[in-house]
Each structure stands twice: as C-alpha cells, then as structure tokens.
Amino acid sequence: MTLTSNELALRGLLEHTSIPPEVAVRIARNAGLSPARTARLLHSLLDLSVDTLKAMIRRVFDELEAEQTMQFVQQVAELDGLDLKEPISESTWKAIMLTNFSVTDSINVAQHGRAYDLHNCADFQGFSYDVTESRLSLRWVIVEFGSSGQHLEICFENVDYLTVHHRDSEMPVSEDLTLDHIGSVSHGIIDQMTFFKGPVYQVDAGEALLFQFRGGQAVVVHAKLAILKVTHLA
C-alpha cells in the first residue's frame with residue numbers, strides 16, 4: 001500500500017507532535033483515512049505492536065462512529081425543535097485574553113517593551129497539545145543576532161477550538177520553520193482557513209488566532225487566555 005501525498009503530509013505533521021496514539025488515530029480518521037490506511041500511516045510512527053495498533057484503531061473508529069451517530073440524532077432533534085421565528089444568536093466566544101503580551105502586527109509579538117519578530121528572526125520548533133489540560137503550546141527559537149539562545153513559547157489555556165491545516169507537500173520541510181503571519185478568524189467563518197485579518201492589534205470577541213506558516217501548515221486556536229514565555233536555552 002502506497003501512501004498518498006496527503007497521507008505523507010499528515011505523517012510529516014504527526015512526526016513533529018507529541019500527542020497520544022488515540023488522538024493520532026482520531027486525526028487520521030477525521031482526515032478521511034480508512035482503518036487500513038490509518039494502520040499503514042501510523043505503524044512507523046507509534047511504538048506499538050501490530051495487534052495492539054489494530055485493536056486501538058478498531059476501538060477508536062467504533063467510538064467515532066458512535067459519536068457521529070449520536071450527533072446525527074441530536075441534529076435531527078434540533079431540527080425538529082427549531083423555531084425559525086427566533087432571532088439568530090451571536091457567538092458565545094469571548095475574546096482571548098493575552099495576559100502578558102500583545103500581537104503588534106502580523107508577524108510580531110511584544111512583551112515588556114521588547115518586540116519579537118517571529119517571521120524574520122525566529123525558527124518555529126513545533127507545537128504540542130495537552131488533551132487533559134486543554135492546553136496548546138507553540139514554540140520558537142529566536143535566531144536574531146545577540147539573542148543568546150532565547151526560547152519563546154505561546155501557551156493557550158482552556159482551549160475550546162483547535163484546527164491544524166496540513167502542510168503543502170510541494171514545499172520544502174525547511175519552510176515549516178518560518179511563520180508567514182498571525183491573523184484572526186471570526187467564529188462565523190472559522191472553517192475558511194485561507195481567511196485572516198491583519199495586523200492583529202487585539203483579538204475581538206468571537207475571534208480565534210491563526211498562525212500561518214510558509215510551508216502551508218496553519219494552526220487556528222480559540223482559548224480563554226494566552227501566555228507568552230521567554231526563556232534562555234541552557
């Protein structure tokens with residue numbers, strides 16, 4: 001079985017993330033992969049026996065099918081109870097609280113009077129998502145002259161929306177190091193991954209932050225708050 005270009009791109013994405021095996025299976029399933037193709041994709045990535053991997057994939061696919069069936073039943077019930085005379089309610093999302101930093105334009109974040117250029121002067125190192133804590137972490141290394149090996153991390157707490165758009169398989173992997181821009185996405189068009197507003201001087205209510213990378217990969221996140229951590233590498 002040969003992996004398609006999209007499957008290879010997904011494998012490249014998963015290789016740089018530290019997520020539980022069950023989450024990796026869910027990502028593959030949501031990307032449209034069959035159980036067999038999911039097993040082929042994850043076999044080289046997960047330190048699991050073939051039997052254990054197959055059993056886990058079967059269990060996760062069964063769980064997702066049950067969840068989808070329940071969602072369908074709920075959607076039909078919602079349709080039956082729909083009153084079209086009611087006014088359309090606004091998004092319940094609140095603005096992400098940027099606790100100790102600001103996004104000063106589409107490539108810079110600032111803290112304590114210091115601006116960090118994440119496009120020209122930083123290399124993206126990757127991201128991780130803690131499912132149990134609903135915490136997303138995006139990490140860079142500052143590469144500008146005189147940075148003394150600074151490590152920059154943006155942590156999102158109480159994440160309630162997270163989407164990762166796959167990278168462009170035609171782009172060199174080295175382009176994944178470069179952030180193209182930071183934008184914002186409103187709740188109403190959250191599925192339109194190509195839309196962004198910039199520069200982002202503040203995150204309005206009902207908006208998520210978008211991190212678009214040169215390699216095509218994009219991360220869209222909405223959370224209760226975000227924290228910027230800048231440290232020196234040992």
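What's counted below: heavy atoms across the whole structure, side chains too, no hydrogens, waters or symmetry copies. No experiment lies behind these values; they were computed from the predicted model shown. Sequence positions, counted from 1, serve as the residue numbers for this chain.
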Between the main-chain N or O of [Y] and the side-chain N or O of [X], is there a donor-acceptor pair closer than 3.5 Å?
| X | Y | result |
| --- | --- | --- |
| His119 | Leu179 | yes |
| Asn100 | Leu228 | yes |
| Asn108 | Thr104 | no |
| Ser184 | Leu209 | no |
| Gln212 | Gly216 | yes |

* To do: For the pair Glu65 and Arg29, evaluate salt bridge (charged side-chain N to carboxylate O under 4.0 Å, His left out) and give the outcome as yes or no after the intermediate values.
  => CA-CA 10 Å; Glu65 183 176 354; Arg29 170 64 176 79; over 6 Å; no

* Kindly work out whether a path of hydrophobic side-chain contacts (I/L/V/M/F/W/Y, heavy atoms less than 4.5 Å apart) joins Leu48 to Val25. =>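 In one cluster: yes.
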
* Asked: Do Ile227 and Phe124 share a hydrophobic cluster (ILVMFWY, side-chain heavy atoms under 4.5 Å, transitive)?
  ->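 Not linked; separate clusters.
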
Of all the heavy-atom pairs spanning [X] and [Y], show the shortest one and how long it is.
| X | Y | value |
| --- | --- | --- |
| Leu210 | Ala218 | CD1-CB, 3.9 Å |
| Ile182 | Val109 | CD1-CG1, 4.1 Å |
| Leu53 | His43 | CD2-CA, 3.8 Å |
| Ala28 | Leu41 | CB-CD2, 4.3 Å |
| Tyr129 | Ser134 | OH-CA, 3.7 Å |
| Leu98 | Phe101 | CB-O, 3.3 Å |

* Asked: Using 4.0 Å as the upper bound for N to carboxylate O, is an ion pair formed by Lys224 and Glu157?
  ->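 Salt bridge between Glu157 and Lys224, a charged N being under 4.0 Å from a carboxylate O: no.
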
* Asked: Charged N to carboxylate O under 4.0 angstrom, Asp176 versus Arg167?
  ->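 Here Asp176 pairs with Arg167 in a salt bridge, since their nearest N and O are under 4.0 Å apart.
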
* **Of Glu175, Gln217, Arg214, the residue whose pairing with Asp180 passes side-chain contact (heavy atoms from CB on, under 4.5 Å)** =>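 One option only clears the test, and that one is Arg214.
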
How far does [atom1] of [X] sit from [atom2] of [Y], to the nearest 0.5 angstrom?
| X | Y | atom1 | atom2 | value |
| --- | --- | --- | --- | --- |
| Asn120 | Ile107 | CG | CD1 | 5.0 Å |
| Leu42 | Met56 | CG | CE | 6.5 Å |
| Gln75 | Leu79 | CD | CG | 10.0 Å |
| Arg139 | Leu152 | CZ | CG | 11.5 Å |
| His222 | Tyr161 | NE2 | OH | 11.5 Å |
| Leu118 | Ile154 | CG | CD1 | 6.0 Å |

[Y] and [X], any side-chain heavy atoms less than 4.5 Å apart:
| X | Y | result |
| --- | --- | --- |
| Leu225 | Ile96 | no |
| Glu207 | Val185 | no |
| Leu177 | Trp140 | no |

* Asked: More than 12 heavy atoms of other residues, nucleotides or ligands under 6.0 Å from CD of Glu170: is that the case?
  ->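 Incorrect, the count does not exceed 12.
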
* Where does the angle between the aromatic ring planes of Phe211 and Phe156 fall among parallel (under 30°), tilted (30 to 60°) and perpendicular (over 60°)? ->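 Geometry flag for Phe156 against Phe211: perpendicular rings.
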
* To do: Name all residues meeting the salt bridge (Lys or Arg N to Asp or Glu O under 4.0 Å) criterion together with Arg59; count only those two or more places apart in sequence or in a different chain, and write none if there are none.
  =>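 Per chain and number, Arg59 pairs via salt bridge (Lys or Arg N to Asp or Glu O under 4.0 Å) with Glu22, Glu63.
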
* **Between Ser128 and Arg135: side-chain donor-acceptor atoms closer than 3.5 Å** =>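 No.
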
